[in-house]
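I have a structure I would like to understand better, so I am pasting it below and will then ask my questions one at a time.
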Amino acid sequence: MSGYSGMWAWLIQRFSGIYIGLFVVVVTLLVLAGGELSAARWQGLFVSPLMQAAAAVFIVALLFHAWIGLRDVVLDYIHPIAIKIPVLLLILAMLLASGYWFLRALIQVDPT
């Protein structure tokens, strides 16, 4: 199975890219179709459990997509292992912190 790790990364990159693109198009259409854009309307968009689930899947897809892309850049262009590992760990920490922040903000949506 380890011989297919590159194939799994490629598949995750493609499927996450498709989902990210579709989500952005749908949210853009919802925002444009609703009239005046306000903070209350934006929050109201994410009150629905379906929209919260879709947004949670979006952020997970975005994090995987970013990790694979950044990991590949680091592996291709940073050669000393003493630099490569800390850079990868820093990227991973940044992505995990960003994902935590987003999901925490998503859960705390309050339309009142």
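These values consider heavy atoms only, across backbone and side chains, with no hydrogens, waters or symmetry-generated copies. Numbers here simply count residues along the sequence, with the first being 1.
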> Is I85 reachable from L90 through a run of hydrophobic residues whose side-chain heavy atoms are each under 4.5 Å from the next?
Replying inline: no

> I78 and L92: same hydrophobic cluster, using ILVMFWY side-chain contacts below 4.5 Å?
Replying inline: yes

> Measuring from L88:CG to I83:CD1, what's the distance to the nearest 0.5 Å?
Replying inline: 12.0 Å

>> With a 4.5 Å cut-off on side-chain heavy atoms, are Y19 and L62 touching?
In response: no

>> Measuring from atom CD1 of I59 to atom CG of L63, what distance do you get when rounded to the nearest 0.5 angstrom?
In response: 4.5 Å

>> Working to the nearest 0.5 angstrom, can you tell me the gap between L89 CG and L96 CG?
In response: 10.5 Å

> Is it true that F46 and V24 fall in one hydrophobic cluster, defined by side-chain heavy atoms closer than 4.5 Å?
Replying inline: yes

> Applying the 4.5 Å side-chain criterion to the ILVMFWY set and letting contacts propagate, would W42 and V26 be lumped into a single cluster?
Replying inline: yes

> Can you name the residues that form a side-chain contact (heavy atoms from CB on, under 4.5 Å) with S98, not counting sequence neighbours?
Replying inline: M94

>> Between V73 and L95, is there shared hydrophobic-cluster membership here, with clusters defined by ILVMFWY side-chain heavy atoms closer than 4.5 Å?
In response: no

>> Using every non-hydrogen atom in the two residues, find where L30 and R41 come nearest and quote the distance to one decimal.
In response: O-NH2, 3.2 Å

> Do the non-hydrogen side-chain atoms of V27 and M51 ever get within less than 4.5 Å of each other?
Replying inline: yes

> Which atoms form the tightest heavy-atom contact between A61 and S16, and what is the distance?
Replying inline: O-CB, 3.6 Å

>> Looking at every non-hydrogen atom in both residues, tell me the closest pair between L75 and K84 and how far apart they are.
In response: CD2-CD, 3.6 Å

> If you look only at pairs with a residue in residues 48-100, which of them pass as a ring-ring contact (aromatic ring centres under 6.0 Å, His included), with sequence neighbours excluded?
Replying inline: F23-F58

> What are the two closest heavy atoms between A55 and F102, and how far apart are they?
Replying inline: O-CE2, 3.6 Å

> Which pair of non-hydrogen atoms, one from A9 and one from R71, has the smallest distance, and what is that distance?
Replying inline: CB-NH2, 3.7 Å

> Rounded to the nearest 0.5 Å, how far apart are CD1 of I12 and CE of M7?
Replying inline: 12.0 Å

